[in-house]
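Counting starts at 1 for both ligands and their atoms, in listed order.
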Amino acid sequence: MPSLKDCASIVKKLESLEYRVLKIFVSSIKHHEIINNYNIISYSNLHKDRVDYALAILLKLKLIAKTEKGFKLLTSGLDVYALKILVDSGIILGIGNSLGIGKESDVVAAVSDIGQQRAVKFFRIGRISFTDTKRKRSLEKNKNVNNWLLINIEAAKREYDFLIKLKSTKMNIATPYFRSMHSIVMDRIDGIRLIEMKNLENPRQIFYKVFEQIRIAYKENIINSDLSEYNILLDGNNDVWIIDWPQAVSLEHPNAEFLIKRDLRNIIRYFTRKYDLNLDENSCYDGLLK
Ligand SMILES: Nc1ncnc2c1ncn2[C@@H]1O[C@H](COP(=O)(O)OP(=O)(O)OP(=O)(O)O)[C@@H](O)[C@H]1O
Ligand SMILES: [Mg+2]
């Protein structure tokens, strides 16, 4: 499977013919997971030989795969397509080192056209077979439960929309700039995950900073619902940044109270166990509305 770095060099190499054919796969994701040579010829108006030629290249680069009934787009094919959009529209110049490999995403560094640091998050839901019943249940609602590419595009849309909304508050949120298929371009936060901090000088102060972020989101009707020491970054000014919002829900969600209490409990548990703070879940919950 080509890495994101490989995909970035493929973006530079591919000719417009191959993109034309790749684009047909991308446009068909929603309705036809598998397409054959004849579909491509009729959608593209290209000669059979040219289609065969382009398919051979896409296959060789592992952007598509052959199946019994035709061909299907692979994650790397969607990566190349998403990257091409980002580069062609001047959102980023290229991609750099990995910033993090999460359970459900690959995050890489990038530089904008004016030299600013960016992070690009590529969704990878379905990469790991998971036993997380919460996520499983919410995914089952999606009719196309086997179409991971579509699920990843939807997740990127959800996170992007939440980031836009949260950014308009006083929260510390990585500014979102653009969504391309299953990827999001945002500001790169120069920080360290809370889980990686060996020690904190003033853990109580950091806890209340986290609490304040949760409170602002809550007042804005948004619950992260996957909050933990893994999704909080601490920067050089001791400011906290909550990342990872695709699974956020609004206060109208039927389990809203359960989810906000679980977020609070996760953070409280971390600070009580690691830093021996004395924190009370119920008073924190009451404090959200003040
Ligand atoms: N804007 C950013 N700036 C810098 N680093 C980031 C940014 N966004 C994400 N990261 C890094 O990438 C990692 C994965 O990101 P994120 O938590 O959003 O993805 P995930 O796959 O959903 O994670 P999880 O494993 O928690 O499910 C983070 O832990 C963090 O180290
Ligand atoms: Mg995360």
*Asks:* State whether Asp244 contributes an N/O/S atom found under 2.8 Å from the Mg ion (ligand 2).
*Replies:*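 Yes, since at least one N, O or S atom of Asp244 sits under 2.8 Å from the Mg ion (ligand 2).
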
*Asks:* Enumerate the atoms of ligand 1 whose separation from the nearest heavy atom of Arg188 is less than 4.0 angstrom.
*Replies:* 3 (N)

*Asks:* Look at ligand 1 and say whether Asp106 reaches it with a heavy atom at a distance under 4.0 Å.
*Replies:* no

*Asks:* Applying the side-chain contact (heavy atoms from CB on, under 4.5 Å) criterion to Ile153, which one of Val26, Asn147, Ile29 satisfies it?
*Replies:*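 Single pass found, and it is Ile29.
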
*Asks:* Taking the side chain from Arg179 and the backbone from Met181, do they hold a donor-acceptor pair closer than 3.5 Å?
*Replies:*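 A pair under 3.5 Å: yes.
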
*Asks:* Looking at Asn39, Ile64, Ile34, Leu63, which hits side-chain contact (heavy atoms from CB on, under 4.5 Å) with Phe25?
*Replies:*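 Looking at Asn39, Ile64, Ile34, Leu63, the match for Phe25 under the side-chain contact (heavy atoms from CB on, under 4.5 Å) is Ile64.
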
*Asks:* Are the charged groups of Lys121 and Glu159 less than 4.0 angstrom apart, N to O?
*Replies:* yes

*Asks:* Parallel, tilted or perpendicular, judged at 30° and 60°: which one describes the rings of Tyr208 and Phe211?
*Replies:*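 Perpendicular, since the angle between the ring planes exceeds 60°.
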
*Asks:* Quick check on contacts: which atoms of ligand 1 are under 4.0 angstrom from a heavy atom of Lys121?
*Replies:*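 This gives 16 (P), 18 (O), 19 (O), 22 (O) as the contact atoms.
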
*Asks:* Mind checking whether Asp244 contacts ligand 1 via backbone (N, CA, C, O), side chain (CB onward), both or neither, at a 4.0 Å heavy-atom cut-off?
*Replies:*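 Looking at Asp244 and ligand 1, atoms from backbone and side chain both fall under 4.0 Å.
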
*Asks:* Are any of the N or O atoms of Leu233 closer than 3.5 Å to those of ligand 1?
*Replies:* no

*Asks:* Between Ser105 and ligand 1, does any nitrogen or oxygen pair lie at a separation below 3.5 Å?
*Replies:* yes

*Asks:* Relative to ligand 1, is Arg193 under 4.0 angstrom through side chain, backbone, both or neither, heavy atoms considered?
*Replies:* side chain

*Asks:* At under 4.0 Å between heavy atoms, which part of Asp226 makes contact with ligand 1: side chain, backbone, both or neither?
*Replies:* neither

*Asks:* Can you tell whether the side chains of Glu257 and Lys261 come within less than 4.0 Å, N to carboxylate O?
*Replies:*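 Salt bridge between Glu257 and Lys261, a charged N being under 4.0 Å from a carboxylate O: yes.
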
*Asks:* Is there a nitrogen or oxygen of Glu159 sitting under 3.5 Å from a nitrogen or oxygen of ligand 1?
*Replies:*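 The answer is no, given that Glu159 and ligand 1 share no N or O pair closer than 3.5 Å.
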
*Asks:* Would you mind listing which atoms of ligand 1 come within a distance below 4.0 Å of any non-hydrogen atom of Ala119?
*Replies:* 1 (N), 2 (C), 3 (N)

*Asks:* With respect to atom 28 (C) of ligand 1, which of Ile173, Asp190, Ile243, Ile192 exhibits the smallest heavy-atom separation?
*Replies:*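 Answer by nearest heavy atom: Ile243.
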
*Asks:* Charged N to carboxylate O under 4.0 angstrom, Lys209 versus Glu212?
*Replies:* no

*Asks:* Need the ligand 1 atom indices (1-based, order shown) with element for anything under 4.0 Å from a heavy-atom of Met186.
*Replies:*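 Result: 1 (N), 8 (N).
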
*Asks:* Below 4.0 angstrom, N of the basic side chain to O of the carboxylate: do Lys62 and Asp6 qualify?
*Replies:* no

*Asks:* Indicate yes or no: at least one non-hydrogen side-chain atom of Asp79 is less than 4.5 angstrom from one of His182.
*Replies:*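 They are in contact (side-chain heavy atoms under 4.5 Å apart), so the answer is yes.
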
*Asks:* Flag Ser105 as yes if one of its N/O/S atoms falls below 2.8 Å of the Mg ion (ligand 2), otherwise no.
*Replies:*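 For Ser105, the answer is no, given that no N, O or S atom comes within less than 2.8 Å of the Mg ion (ligand 2).
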
